There are 2 protein chains.
Amino acid sequence: MATIYEVSKLAGVSLATVSRVINKTAPVREATREKVEAAMKELGYRPNSVAQSLASNRSNSIGILVPELGGPFYAELLSRIENEFRRVGKHVIIAAGHSDEELERESIEFLRSRNCDALILHVEAVSDDYLRGLADAGCAFVLMNRLVEQLADRCINLDNLLGGYLATKHLLELGHRAIAYVSGPMWKRDAQERYQGHQRALQEFGVPFDSNLVFEGDYQETGGVKALQYFRSLDKPFTALVCANDEMASGAITTAHDLGMDLPSQLSVVGFDNVNFAHYTYPKLTTIDYPLGEIGHMAAQWVLKNVYQQPIKDIRAVFAPQLVIRDSTYRIN
Amino acid sequence: MATIYEVSKLAGVSLATVSRVINKTAPVREATREKVEAAMKELGYRPNSVAQSLASNRSNSIGILVPELGGPFYAELLSRIENEFRRVGKHVIIAAGHSDEELERESIEFLRSRNCDALILHVEAVSDDYLRGLADAGCAFVLMNRLVEQLADRCINLDNLLGGYLATKHLLELGHRAIAYVSGPMWKRDAQERYQGHQRALQEFGVPFDSNLVFEGDYQETGGVKALQYFRSLDKPFTALVCANDEMASGAITTAHDLGMDLPSQLSVVGFDNVNFAHYTYPKLTTIDYPLGEIGHMAAQWVLKNVYQQPIKDIRAVFAPQLVIRDSTYRIN
DNA sequence: GCCTATGATGAAAGCGCTTTCATTTATAGC
DNA sequence: GCTATAAATGAAAGCGCTTTCATCATAGGC
């Protein structure tokens, strides 16, 4: 691989000039630039990005930390972010935190040791204090799906409460009154918020809240399975089920089929997230769309603006989820 | 951030010695090592990976190129590979080629310009010649799901023909004789091979091949939709459908429902790949498992062995797919 | 035509580390 | 106790680039 030195020699100019035509960091006379470009082409020269990083103290890499790589949930997010940065010649380094405090910490350290210019974090287990400490240490990062006091200017959020509200409200409007709820793990903020939204909708419609009709799930398919089994064992009639995510909704639907229930006539189900398999279920799942793509996009914009000083207009901090009506909900009277 | 120089000063040793304790690249006296380690801890020192890369001509990063980031298909693969490398302190840079020749090329160049130590490629559009040229240029890479002559020692493959064979054989054993086939785009090697497997199974069971019962799909959901519509328009009875991937199978199943068919009693469907949503369909999809995780694992091993000189025993070049029987196939008489 | 403001260019000092080579120190053999 | 050998350590030269600072050329203003 040719080096910048060889290019400068062939073009008959100094290193500095070559660097300038590469980076457009200072004006270079037309004729000179052409000579340099010709030399680069002739040698098949490509700048060594590692050397560039060392000299400029910029790695042009952005670290991304998500809970899981494996699931269907984050693929779109990553895809969107990768695209965004790729277009401007930067690349992403991806790590998975598995919702584990130790692992999330370790991953952040790993990403930092890789000299990432910025981090985009979707963390759940790590404490607010830790994040504030990170910010104080001068680490440039933006948070997705989390709101931390004093760090609000670097949080890109979904209005989970609104989402929970919309899900339950939809069922209420279809005439349902006995609505069971499967929450996520309650130590997760989004699980709490979605649950609050559910309660608010009930309250608004004057439906008394029945704590028996709530089950704390695990955001996994099995959570939905167990929830439905539990509710059925209760011997308490219910006509609808809202699940705090699509995985659990899918588990519930499968179980309902296994129990010989007819969907959606005997049970309406609403999910949350609108993951890619939501329309593979039968009946197709009515759910709350989580605009992950847009959130990823906005996180990328944040980095472009705050770290790479690109002229980005406004950063939107809170996104509103939307109800997506498919076939799993049914009007009763 | 402290530098190695400050550590060496605090510990009262030379840079070289500090470097040695960091990299364990030469023996250091116990007492010296402790002094250095204490100094590192005191300063909160972490080596600058960019400087390490520049000096050692190793970036400790591996480039991965897959067709899509967004779909469900590659998530597991990436997850597995990331894990593998993470454990040994290396990281992955991920890019998407979108099955487009230009884009695949460009992505490879991008990854190369990032000084990746090795590339793991899942490419479809780029030519064999291009890949041979890449190898000649000294680029270290391993290919997944592709077999290129003269590059066989760096190919990790799935026996697609066997997979296609198993899918159709399963239906034949259930008594089906009129079996329709939805292929992938025929310019893709794996699509051809799967199709060949289908034909071989028919032949083995003495079932005459009917070219009307073949439809070239696009590996997308809509391919399955169109295929089923086409076959129904044919006015030719068929009791089973094998789809060259799960997306198309899902499309076909949905369409079958829409047409009021009862599954699996009126139509058996087999997919291919066993992607994560395969058991969300209704009925749950019988399919051919593509051991993507293992293939990713093996690709990582290849890199560890051939690029990082780690003592890996044997690299397996060809993986065998397996039939996963669920509920979408039905025995007839 | 002379001076100054500006535009182009070059020289050279790093960026933080690895690695070779030379040197010093410890170990062992007699 | 002295040399031969091996084990530890240090000095210093890069790795390929960016960036400051100084220098030189050009062009206008009077």
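Given the structure is predicted, the values throughout are model-derived calculations rather than measurements. Below, chains carry the letters A, B, ... as their sequence lines are ordered, and counting in each starts from 1.
- Residue pairs meeting the side-chain hydrogen bond (donor to acceptor under 3.5 Å, both in side chains) criterion with at least one member in residues 128-143 of chain B, sequence neighbours excluded: D128(B)-R146(B), D129(B)-R132(B), R132(B)-Q150(B).
- The line from CZ of R154(A) to CG of L119(A) is 10.0 Å long, rounded to the nearest 0.5 Å.
- At the phosphate of dA26(C), neither OP1 nor OP2 sits under 4.0 Å from any side-chain N or O atom of R29(B).
- To the nearest 0.5 Å, atoms CZ (F141(B)) and CD1 (I64(B)) are separated by 15.0 Å.
- Within the structure, every pair that satisfies the side-chain hydrogen bond (donor to acceptor under 3.5 Å, both in side chains) test and touches residues 9-24 of chain A, not counting sequence neighbours, is listed here: S14(A)-T17(A), S19(A)-N23(A).
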Show me, pair by pair, the donor-acceptor contacts under 3.5 angstrom made by side chains of residues 298-305 of chain B, not counting sequence neighbours?
{"residue": "W302(B)", "atom": "NE1", "partner": "D153(B)", "partner atom": "O", "Å": "3.0"}
{"residue": "K305(B)", "atom": "NZ", "partner": "K313(B)", "partner atom": "O", "Å": "3.2"}

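- When the salt bridge (charged side-chain N to carboxylate O under 4.0 Å, His left out) test is applied to R114(B), no partner is found at least two apart in sequence or on another chain.
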Practice task
Classify every nucleotide of nucleotides 13-23 of chain D by which part a protein heavy atom approaches to under 4.0 Å, writing B for the base, S for the sugar-phosphate alone and - for neither, in 5'-to-3' order.
Solution key: -BBBBSBB---
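- If you check residues 106-117 of chain B against DNA chain D, you find no residue with a heavy atom closer than 4.0 Å.
- Residues passing the salt bridge (charged side-chain N to carboxylate O under 4.0 Å, His left out) test with E37(B), sequence neighbours excluded: R33(B).
- Between its opening and closing five pairs, the helix from dG1(C)-dC30(D) to dC30(C)-dG1(D) changes axis direction by 30°, a value rounded to 10 degrees.
- Note that the CD atom of Q52(A) and the CG atom of L54(B) stand 11.0 Å from one another [nearest 0.5 Å].
- Applying the side-chain hydrogen bond (donor to acceptor under 3.5 Å, both in side chains) test to pairs two or more places apart or on separate chains, those with a residue in residues 53-62 of chain A are S59(A)-S61(A), S59(A)-D117(A), N60(A)-K90(A).
- Partners of K35(A) according to the salt bridge (charged side-chain N to carboxylate O under 4.0 Å, His left out) rule, which considers only residues two or more places apart in sequence or in another chain, do not exist here.
- Using a 4.0 Å cut-off on heavy atoms, the residues of residues 30-42 of chain A that approach DNA chain C are T32(A), listed by number.
- Under the salt bridge (charged side-chain N to carboxylate O under 4.0 Å, His left out) criterion, R316(B) pairs with no residue, sequence neighbours left out.
- Of the residues N157(A), L121(A), I295(A), the one that meets the side-chain contact (heavy atoms from CB on, under 4.5 Å) test with M144(A) is I295(A).
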